[in-house]
*Asks:* 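Submitted below is the structure of interest, expressed as structure tokens.
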There are 2 protein chains.
Amino acid sequence: MQIPLYQIIENEIKEQIQSKKLKEGDLIPSENQLTEIYNVSRMTVRQALNNLVNDGYLYKHKGRGTFVAPRKIEKSIQGVRGFTEEMEGLGKVVSSKVVKFLVLEPSEEIREKLFLKEDEKAIYVERIRYGDKMPILFETLYIPQNLFKDLTAADMEESFYTYIEKEKGYRVSHCVQSIEAQMPKSKHAEMLKINKNMPVLKIIRNTFLNNGRPFEYVISIYRSDQYRFVQYAFKG
Amino acid sequence: MQIPLYQIIENEIKEQIQSKKLKEGDLIPSENQLTEIYNVSRMTVRQALNNLVNDGYLYKHKGRGTFVAPRKIEKSIQGVRGFTEEMEGLGKVVSSKVVKFLVLEPSEEIREKLFLKEDEKAIYVERIRYGDKMPILFETLYIPQNLFKDLTAADMEESFYTYIEKEKGYRVSHCVQSIEAQMPKSKHAEMLKINKNMPVLKIIRNTFLNNGRPFEYVISIYRSDQYRFVQYAFKG
DNA sequence: GAGTGGTCTAGACCACCAT
DNA sequence: TGGTGGTCTAGACCACTCG
């Protein structure tokens, strides 16, 4: 047996959903019917269906049947994503302006966040990021200099995540972040060209590579009228 | 049969992991051994183990055995969590007050979010949630009535997630959520006892069970001075 | 070769749902 | 009441891993 039977069943049902032969909310054949259609045991059918439920294609109703799930949740809005990737996914034109770019002696807190030793430096960047020329985000980044010795201000006008993955060959793995609502500081209101009465979303993120090293500690200030943070999360 | 056999097995293994009787990387008894230990069939053992694998407690190696997974990333900052679990993790005393509890004809939008058919009803709940007696969160929930026919207002004074998992035997799987900053509406300011000039964090969440069905659509309004949303996210 | 997990069968009883 | 999915049994053969 090369391909397991349950996978064949899975693929056929998946194909029928993708080709719209089966639409959202449609009742699919019962487990007993599928047993006869594919000439397999019920447990095999159940394995196929359970996998499709886990993948978000179907949902079950005890006593009623199994149905095609509405809109499969976009995998694209999952987990850790750079701003560029996110905005382009929404069809917006992204641009950035670097306001500050310098190397500094990090504070104790930053050293901890970036796993830096006593004498190691951090790159400090401030930049404004635009979607369709509208300022959406002001961010302050701390980056370990020893990971990015040749990083320039020009690089930061583009996507940092792309730079990391394409230029340096690193792989972004995960992040720890906190999200809160605030009133903007004067500086932030000015940068984002907003009224001081409009709240902002403040996201503080520590992002890691797949080698376990943190490569950025970022404080982001988002315009609340232009940005909602959307994501897909699993139960731990 | 009240509690399924596979869930009993699951719980015992989970308990052994949490109490450190089983450590990271430990080999657990083989499926055949568990069959004898619990005096059940192998398929039942497999169902228990597969659930634990899906939940990240174990991993399998064909031909070698089943092992305890490396320590799960801090439970406290991961993915989908109920408010109760989260607050208790911070050492706070949680309480809730149900403000409204009624059954209603859902709007088209809510029907879509909860996968409801034309004639199916939704339970509508408003509640205020406290940490150490301080109001922190006001939430509006829509819950499919057909999943929770016997749900009472009293149940909602406690943890809904615990009710779902312990009382009903369902399993919370994942959620899709959006997070944004806002100024509070008068009603929200009143409920949370805050000044109208203090921003709030608005989280809209659609949460799913492992049978693929959504069990809640929630709009949460958090006091920004009392709450930061902290989490751990993986690169998709 | 002995043991492991992966796949699969052909039954069974149950709780739930619609009619 | 008849059909659905949820749980469970007691077998079986396979591919993989390790000694």
Side-chain angles (χ1 to χ4, degrees), chain A residues 1-11 13 25-54 57-69, chain B residues 1-13 25-54 57-69 115-121 144-151 164-165 167-171 173 209-213 215:
Chain A
M1 176 193 326
Q2 245 181 353
I3 302 175
L5 291 177
Y6 68 86
Q7 248 176 57
I8 295 174
I9 300 173
E10 262 182 69
N11 289 336
I13 294 176
D26 278 4
L27 179 66
I28 73 164
S30 75
E31 296 181 352
N32 282 322
Q33 287 169 340
L34 288 169
T35 286
E36 289 175 14
I37 291 172
Y38 289 101
N39 197 28
V40 297
S41 79
R42 195 174 149 221
M43 289 304 273
T44 303
V45 168
R46 281 180 60 74
Q47 184 163 7
L49 296 188
N50 285 336
N51 287 340
L52 290 171
V53 164
N54 282 334
Y57 289 96
L58 304 174
Y59 65 95
K60 296 179 171 192
H61 229 152
K62 198 199 304 202
R64 240 200 256 179
T66 303
F67 304 83
V68 178
Chain B
M1 178 192 324
Q2 247 182 353
I3 301 175
L5 293 176
Y6 68 86
Q7 248 179 56
I8 296 174
I9 300 174
E10 263 182 68
N11 289 336
E12 289 205 14
I13 294 176
D26 278 4
L27 179 67
I28 73 165
S30 75
E31 296 180 353
N32 282 321
Q33 287 169 340
L34 288 169
T35 286
E36 288 175 13
I37 292 172
Y38 289 101
N39 197 28
V40 297
S41 79
R42 192 172 153 224
M43 289 304 273
T44 302
V45 167
R46 281 179 60 74
Q47 183 164 5
L49 296 189
N50 285 336
N51 285 339
L52 290 171
V53 166
N54 282 334
Y57 288 96
L58 303 175
Y59 63 93
K60 296 178 170 192
H61 251 188
K62 199 201 301 203
R64 291 227 302 240
T66 303
F67 304 83
V68 178
F115 296 8
L116 295 180
K117 295 218 165 68
E118 282 281 329
D119 54 341
E120 293 175 324
K121 304 268 197 300
Q145 194 199 20
N146 53 21
L147 273 181
F148 303 99
K149 290 217 166 62
D150 48 0
L151 184 73
I164 285 167
E165 302 204 320
E167 298 284 319
K168 304 290 288 185
Y170 294 140
R171 195 182 287 264
S173 163
L209 299 173
N210 73 334
N211 63 10
R213 300 191 56 189
F215 70 91

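Proteins come first, then strands; the chains are lettered A, B, ... in the order of their sequence lines, and each starts at number 1. All heavy atoms count here, side chains included; hydrogens, waters and symmetry mates do not. The shown structure was predicted, so the numbers you read here are calculated from the model rather than taken from an experiment.
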*Asks:* B:Y6 side chain: which of C:dT7, D:dG6, D:dC8 is closest?
*Replies:*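 Of the options given, the side chain of B:Y6 lies nearest D:dC8.
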*Asks:* Go through the structure and list residues passing ring-ring contact (aromatic ring centres under 6.0 Å, His included) with A:Y6, not counting sequence neighbours.
*Replies:*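 For A:Y6 there are no ring-ring contact (aromatic ring centres under 6.0 Å, His included) partners, ignoring immediate neighbours.
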*Asks:* Using heavy-atom distances to pick each residue's nearest nucleotide on DNA chain C, tell me which of B:N50 and B:N146 is more 5'.
*Replies:*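 Mapping each residue to its closest nucleotide by heavy atoms, the 5'-most match is B:N50.
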*Asks:* Give each protein N/O atom lying under 3.5 Å from an N/O atom of nucleotides 10-12 of chain C, with the pair distance.
*Replies:*
| from | atom 1 | to | atom 2 | distance (Å) |
| --- | --- | --- | --- | --- |
| C:dA12 | N6 | A:R42 | NH1 | 3.2 |

*Asks:* When you measure from the side chain of A:Q33 to the backbone of A:S30, do you find a donor-acceptor pair of N or O atoms at a distance under 3.5 Å?
*Replies:*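 Between the backbone of A:S30 and the side chain of A:Q33 there is a qualifying donor-acceptor contact (under 3.5 Å).
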*Asks:* Tell me whether B:R171 is salt-bridged to B:E165, with the criterion being a basic N under 4.0 Å from an acidic carboxylate O.
*Replies:*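 So B:R171 does not pair with B:E165 through a salt bridge.
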*Asks:* N/O contacts under 3.5 Å, protein versus nucleotides 16-19 of chain D?
*Replies:*
| from | atom 1 | to | atom 2 | distance (Å) |
| --- | --- | --- | --- | --- |
| D:dC18 | OP1 | B:R64 | NH1 | 2.8 |

*Asks:* Atom CD of B:E31 and atom P of D:dT9: how far apart are they, to the nearest Å?
*Replies:*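 Atom CD in B:E31 sits about 14 Å away from atom P in D:dT9.
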*Asks:* Atom CG of B:N211 and atom P of D:dG6: how far apart are they, to the nearest Å?
*Replies:*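 Atom-to-atom, B:N211 to D:dG6, this comes out as 7 Å.
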*Asks:* Using atom CZ of A:R46 as one end and atom P of C:dG6 as the other, report the distance to the nearest whole Å.
*Replies:*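 Nearest whole value for this atom pair: 18 Å.
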*Asks:* Can you label the angle between the A:Y59 ring and the A:F67 ring as parallel, tilted or perpendicular, going by 30° and 60°?
*Replies:*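 Judged by the thresholds at 30° and 60°, the geometry between A:Y59 and A:F67 is parallel.
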*Asks:* Hey, which sits more toward the 5' end of DNA chain C by its nearest nucleotide, A:N39 or B:K149?
*Replies:*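 Of the two residues, A:N39 wins.
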*Asks:* OP1, OP2 of C:dT4 versus side-chain N and O of B:T66: anything below 4.0 Å?
*Replies:*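 No, B:T66 has no side-chain N/O under 4.0 Å of OP1/OP2 on C:dT4.
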*Asks:* Kindly calculate the angle separating the two end axes of the helix from C:dG1-D:dC18 to C:dA18-D:dT1, each obtained from five base pairs, and round it to 10 degrees.
*Replies:*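 Axis angle across the helix from C:dG1-D:dC18 to C:dA18-D:dT1, nearest 10°: 10°.
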*Asks:* Quick one: do the B:N146 and B:K121 side chains pair a donor with an acceptor below 3.5 Å?
*Replies:*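 No, because no side-chain N or O of B:N146 sits under 3.5 Å from a partner of the opposite role on B:K121.
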*Asks:* Name all residues meeting the side chain to side chain contact (heavy atoms under 4.5 Å, CB included) criterion together with B:D150; count only those two or more places apart in sequence or in a different chain, and write none if there are none.
*Replies:*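 Expected list: B:Y163, B:K168.
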*Asks:* Expressed in angstrom and rounded to an integer, what is the separation of B:N32 atom CG from C:dG6 atom C1'?
*Replies:*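 That distance rounds to 13 Å.
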*Asks:* Quick one: salt bridge (charged side-chain N to carboxylate O under 4.0 Å, His left out) partners of B:K62, sequence neighbours excluded?
*Replies:*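 For B:K62, no residue satisfies salt bridge (charged side-chain N to carboxylate O under 4.0 Å, His left out) once neighbours in sequence are set aside.
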*Asks:* What's the closest nucleotide to the A:K60 side chain, out of D:dT9, C:dG6, D:dG5?
*Replies:*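 Comparing D:dT9, C:dG6, D:dG5 against the side chain of A:K60, the answer is D:dG5.
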*Asks:* What I want to find out is whether B:K60 reaches B:E31 closely enough, with some N-O distance under 4.0 Å, to be called a salt bridge.
*Replies:*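 Judged by the 4.0 Å cut-off on N to carboxylate O distance, B:K60 and B:E31 do form a salt bridge.
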*Asks:* Report the distance from atom CZ of B:F67 to atom C1' of C:dG3, rounded to the nearest whole Å.
*Replies:*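 B:F67 atom CZ is separated from C:dG3 atom C1' by 12 Å.
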*Asks:* Please check this pair: side chain of B:Q47 against backbone of B:T44, looking for a donor-acceptor N/O pair closer than 3.5 Å.
*Replies:*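 No; zero donor-acceptor contacts below 3.5 Å.
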*Asks:* From CD1 of B:I3 over to P of D:dG6, roughly how many Å is that when rounded to an integer?
*Replies:*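 Those two atoms, CD1 and P, are 18 Å apart.
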*Asks:* In this structure, how many angstroms lie between the C1' atom of C:dA15 and the NZ atom of B:K168, rounded?
*Replies:*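 One finds 12 Å between C1' of C:dA15 and NZ of B:K168, rounded.
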*Asks:* Atom CZ of B:R171 and atom P of D:dG6: how far apart are they, to the nearest Å?
*Replies:*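 Roughly 13 Å, once rounded to whole Å.
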*Asks:* Could you walk me through whether B:E120 and B:Q145 pass the side-chain contact (heavy atoms from CB on, under 4.5 Å) check?
*Replies:* CA-CA 8 Å; B:E120 293 175 324; B:Q145 194 199 20; over 6 Å; no
*Asks:* Check this one for me: any side-chain N or O of B:S30 less than 4.0 Å away from OP1 or OP2 of C:dT4?
*Replies:*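 Looking at the OP1 and OP2 atoms of C:dT4, one of them is under 4.0 Å from a side-chain N or O of B:S30.
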*Asks:* Would you check, one step at a time, whether the test side-chain contact (heavy atoms from CB on, under 4.5 Å) holds for A:L52 with A:I9?
*Replies:* CA-CA 10 Å; A:L52 290 171; A:I9 300 173; over 6 Å; no
*Asks:* Which nucleotide in the set D:dT4, C:dC8, D:dC8 lies at the smallest distance from any side-chain heavy atom of B:P4?
*Replies:*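 Per side-chain heavy atoms of B:P4, the pick is D:dC8.
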*Asks:* Ring pair (Phe, Tyr, Trp, His ring centres under 6.0 Å) between B:F215 and B:Y170: does it pass, once the steps are laid out?
*Replies:* CA-CA 10 Å; B:F215 70 91; B:Y170 294 140; 8.4 Å; no
